[in-house]
Protein chains: 2
Amino acid sequence: MVTISDVAKLAHVSKMTVSRVINHPEQVSDDLKKLVYDAMEKLNYVPNYAARALVSNRTQVIKFLILEEMDTTEPYYMNLLAGIAKELDRNYYSFQLVTRKSMDIGQCDGMIATGVRSYDYDTILKEFSKPIILFGQSDRGYDFIDVDNEKGMRLTTRHVVSLGFEKIYFFGIDLQEPFMSARLKGYLDTVNSYGLPNYLYRMKNSSRVAERNAKEILSNWKEKCAFVCASDRIALGVIRAAQSLQLQIPDQVAVTGFDGVFLDRISSPHITTIRQPVVEMGEACARMLLKKIQEDGKSQGHRFFEPELLVRPSTVHV
Amino acid sequence: MVTISDVAKLAHVSKMTVSRVINHPEQVSDDLKKLVYDAMEKLNYVPNYAARALVSNRTQVIKFLILEEMDTTEPYYMNLLAGIAKELDRNYYSFQLVTRKSMDIGQCDGMIATGVRSYDYDTILKEFSKPIILFGQSDRGYDFIDVDNEKGMRLTTRHVVSLGFEKIYFFGIDLQEPFMSARLKGYLDTVNSYGLPNYLYRMKNSSRVAERNAKEILSNWKEKCAFVCASDRIALGVIRAAQSLQLQIPDQVAVTGFDGVFLDRISSPHITTIRQPVVEMGEACARMLLKKIQEDGKSQGHRFFEPELLVRPSTVHV
DNA sequence: TTAAATTTTGTTACCGCTAACATGAACATA
DNA sequence: TATGTTCATGTTAGCGGTAACAAAATTTAA
């Protein structure tokens with residue numbers, strides 16, 4: 001293994017100068033810097049992060065806490081994880097994937113938490129003293145990253161309005177959480193602004209439940225209608241309901257989802273949905289957390305990502 | 001932060017004795033051991049893994065290399081990851097999620113690789129000098145973990161035979177890899193053993209492609225037939241094809257999948273499939289890798305997990 | 001009883017790196 | 001020329017832990 005001492009020897013400088021070149025290059029003269037860089041290159045030097053972690057009293061580990069039941073949300077998280085991983089790699093951090101049960105195991109420099117529900121604040125999050133970033137909007141003053149949920153739902157609702165639908169059902173998730181309130185608001189504001197009536201339904205985020213509910217509504221179908229759903233999973237159920245009742249998609253029934261991760265493309269027909277740039281959001285989470293760690297826990301605020309409407313055959317003919 | 005020295009002071013012993021209690025307790029007398037344990041408890045001592053990593057020249061990091069396109073396989077990997085994470089947590093290891101591009105970034109003590117194809121051996125794997133475990137069977141002498149693919153396919157094929165189907169299509173994935181050969185063999189051996197003809201199709205692992213192929217076959221449907229598919233994704237396509245042709249599932253057309261992760265339950269009807277115990281397999285991967293690291297790279301052989309047939313409405317009435 | 005062997009415990013040095021301080025050179029000021 | 005002031009570089013010590021050796025305590029053998 002090549003160490004800082006090897007580099008120092010080859011460059012005929014002290015270890016400290018090499019260390020400075022790496023961490024505070026502005027303090028070193030250009031001549032020496034060049035010598036050191038050349039030596040590093042020649043020896044293929046790679047810093048030892050365990051040593052650095054030891055001296056700076058850090059771990060180079062961050063935790064990713066998933067508080068939701070994972071199998072209801074899997075495909076979504078894999079992308080998020082990929083984004084987080086990408087940014088962490090770049091900074092020589094590694095991560096631990098933890099759940100409620102395993103979150104206390106081992107040390108870390110900070111945490112990204114997702115699937116946080118109201119009741120988690122007092123139990124899980126309060127205990128945690130290291131920097132933390134939430135994935136998913138929060139109204140408790142925590143730093144977070146999320147897509148602009150309200151705007152996303154405005155986009156889908158406006159989309160079906162523009163297609164001439166006047167009976168527009170909202171199929172939401174039965175959670176009293178900020179992201180759902182925002183999506184609901186996006187729907188309500190839009191139908192109100194067009195002077196259309198609203199039809200609110202809230203249910204478990206499950207394709208079967210959505211299928212059942214949609215079937216009931218559609219069983220005595222009379223006029224064309226649209227379902228704007230709070231998730232692709234729910235949209236999937238609605239599509240199946242319409243198909244089993246032999247209703248034409250998208251002419252008699254139009255359906256929109258939310259997320260744009262995986263399920264929208266598994267469905268047939270593909271689902272018009274709001275794409276969340278999940279990978280980029282993962283990167284942003286990691287970046288924000290690393291910055292927060294570096295700045296000694298200073299609050300980083302929040303950031304909403306721009307939602308993107310993907311128009312697909314569940315609302316329009318190709 | 002509580003260190004080994006704090007414990008030593010409280011227990012009135014040397015640092016070394018504390019270290020020994022942790023790593024080689026058999027070398028310490030019971031009296032001192034008790035003193036040390038009490039002190040550790042009282043102070044809530046947690047070892048510093050960066051320090052340990054430094055002195056033992058390890059990183060406490062393992063990499064998880066995904067060589068497949070991730071969005072074709074996401075749901076599967078999330079579970080695998082969960083399993084790996086669980087076992088690593090227990091051993092105070094963290095991990096890095098890497099791809100072809102990022103695999104050289106940072107150090108590690110070993111790697112778990114998945115989605116490995118024939119051409120990867122000479123390019124990616126040969127370069128890597130640390131212990132490595134493959135997820136997915138291999139015929140190149142690498143240590144690996146997989147489900148018993150051959151047996152899994154025997155189970156689904158035998159299942160549809162037992163339901164009275166005599167025309168049984170095999171919808172495989174167009175990859176010349178050991179796992180596919182094994183699944184194919186499981187199908188062929190079974191139909192042969194019953195004196196039934198075989199019908200082989202191989203295609204991209206995509207529900208759309210499968211849908212198209214199945215539609216062609218089913219468009220002039222005459223007799224009841226079954227499709228044993230090499231993935232749930234392909235099975236999903238076949239089910240959609242049958243439904244769009246108004247064929248009754250499971251009476252006129254029966255369908256089985258493979259994997260039992262996520263997609264089997266997204267489908268309607270749910271898919272009869274082979275459940276792979278993916279979480280446990282992930283744990284096993286991690287355990288095997290840690291053992292290999294500990295034993296200085298010694299070969300660990302391989303392990304096949306038992307596949308489990310899940311019977312669902314895509315082959316039988318509920 | 002005493003030397004030798006064995007077990008238990010302590011001391012030292014070092015893993016690779018960096019903060020804090022020490023030194024020395026270059027330049028400005030009086 | 002003597003005396004600060006900067007700036008660039010080197011020296012020292014220590015982060016928390018463990019291997020290797022040394023010393024002390026105990027057991028065994030003669």
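Labels below follow one simple rule: chain letters A, B, ... track the order of the sequence lines, proteins then strands, and each chain is numbered from 1.
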Handout entry: Euclidean distance, atom CG of residue A/Leu54 to atom P of C/dC17 [Å, nearest integer]
Key = 12 Å

I'd like a table of donor-acceptor pairs (distance under 3.5 Å, sequence neighbours excluded) in which one partner is a side-chain atom from residues 128-138 of chain A, with atom names and distances.
from     : atom 1 : to       : atom 2 : distance (Å)
A/Lys130 : NZ     : A/Cys108 : O      : 3.1
A/Gln137 : OE1    : A/Asn149 : ND2    : 2.7
A/Ser138 : OG     : A/Tyr121 : OH     : 2.8
A/Ser138 : OG     : A/Arg140 : N      : 3.1

Fill in the blank from the handout: Regarding the side chain of B/His24, the nearest nucleotide among D/dG17, C/dA19, D/dA19 is D/dA19

Fill in the blank from the handout: Of the candidates D/dG10, D/dT18, D/dG14, the side chain of A/Val13 sits closest to D/dG10

Handout entry: Nearest listed nucleotide, side chain of B/Arg52, among C/dC17, C/dT18, D/dT18
Key = D/dT18

Handout entry: Salt bridge present between B/Lys34 and B/Asp30 (N-O < 4.0 angstrom)
Key = no

Practice task
May I ask you to say what B/Tyr45 touches in the nucleic acid, namely base, sugar-phosphate or nothing, with a heavy-atom cut-off under 4.0 Å?
Solution key: sugar-phosphate

Exercise for the section: For B/Arg58 and D/dG16, give me the distance from atom CZ to atom C1', rounded to whole Å. Expected result: 15 Å

Show which side-chain atoms of residues 40-49 of chain B pair as donor or acceptor with protein atoms under 3.5 Å away, not counting sequence neighbours.
from    : atom 1 : to      : atom 2 : distance (Å)
B/Asn48 : OD1    : B/Ala50 : N      : 2.9
B/Asn48 : OD1    : B/Ala51 : N      : 3.0

Exercise for the section: Looking only at side-chain atoms of A/Met16, point me to the closest of C/dT18, C/dC17, D/dG16. Expected result: C/dT18

Fill in the blank from the handout: The nucleotide from D/dG17, C/dG16, D/dG10 with an atom nearest the side chain of A/Thr3 is C/dG16

Handout entry: Difference in axis direction between the ends of the helix from C/dT1-D/dA30 to C/dA30-D/dT1, five pairs, 10°
Key = 50°

Practice task
Measure the distance from CD1 on A/Ile4 to P on C/dC14 and round it to the nearest whole Å.
Solution key: 18 Å

Validation: residues 13-21 of chain B side-chain donor-acceptor distances under 3.5 Å, sequence neighbours left out:
from    : atom 1 : to      : atom 2 : distance (Å)
B/Ser14 : OG     : B/Met16 : N      : 3.4
B/Ser14 : OG     : B/Thr17 : N      : 3.3
B/Ser14 : OG     : B/Thr17 : OG1    : 3.2

Completion exercise
Comparing nearest nucleotides in DNA chain C, the 5'-proximal residue of the pair B/Arg20, A/Met1 is B/Arg20

Extract all donor-acceptor atom pairs below 3.5 Å that involve side chains of residues 299-308 of chain A and protein atoms in other chains or at least two apart in sequence.
from     : atom 1 : to       : atom 2 : distance (Å)
A/Ser299 : OG     : A/Asp143 : OD1    : 3.2
A/Gln300 : OE1    : A/Lys291 : NZ     : 3.3
A/Gln300 : NE2    : A/Glu295 : OE1    : 3.0
A/Gln300 : NE2    : A/Lys298 : O      : 3.0
A/Glu306 : OE2    : A/Lys151 : NZ     : 2.1
A/Glu308 : OE1    : A/Arg275 : NE     : 3.2

Exercise for the section: Ignoring backbone atoms, test whether B/Asn48 places a side-chain nitrogen or oxygen under 4.0 Å from the OP1 or OP2 oxygen of D/dC15. Expected result: no

Exercise for the section: Check DNA chain C against residues 25-38 of chain B and give the residues with a non-hydrogen atom under 4.0 Å, in numerical order. Expected result: B/Val28, B/Ser29, B/Leu32

Exercise for the section: Give the C-alpha distance, both sets of side-chain angles, the deciding distance and a yes or no for salt bridge (charged side-chain N to carboxylate O under 4.0 Å, His left out) between B/Lys86 and B/Asp89. Expected result: CA-CA 5 Å; B/Lys86 202 165 152 193; B/Asp89 278 0; over 6 Å; no

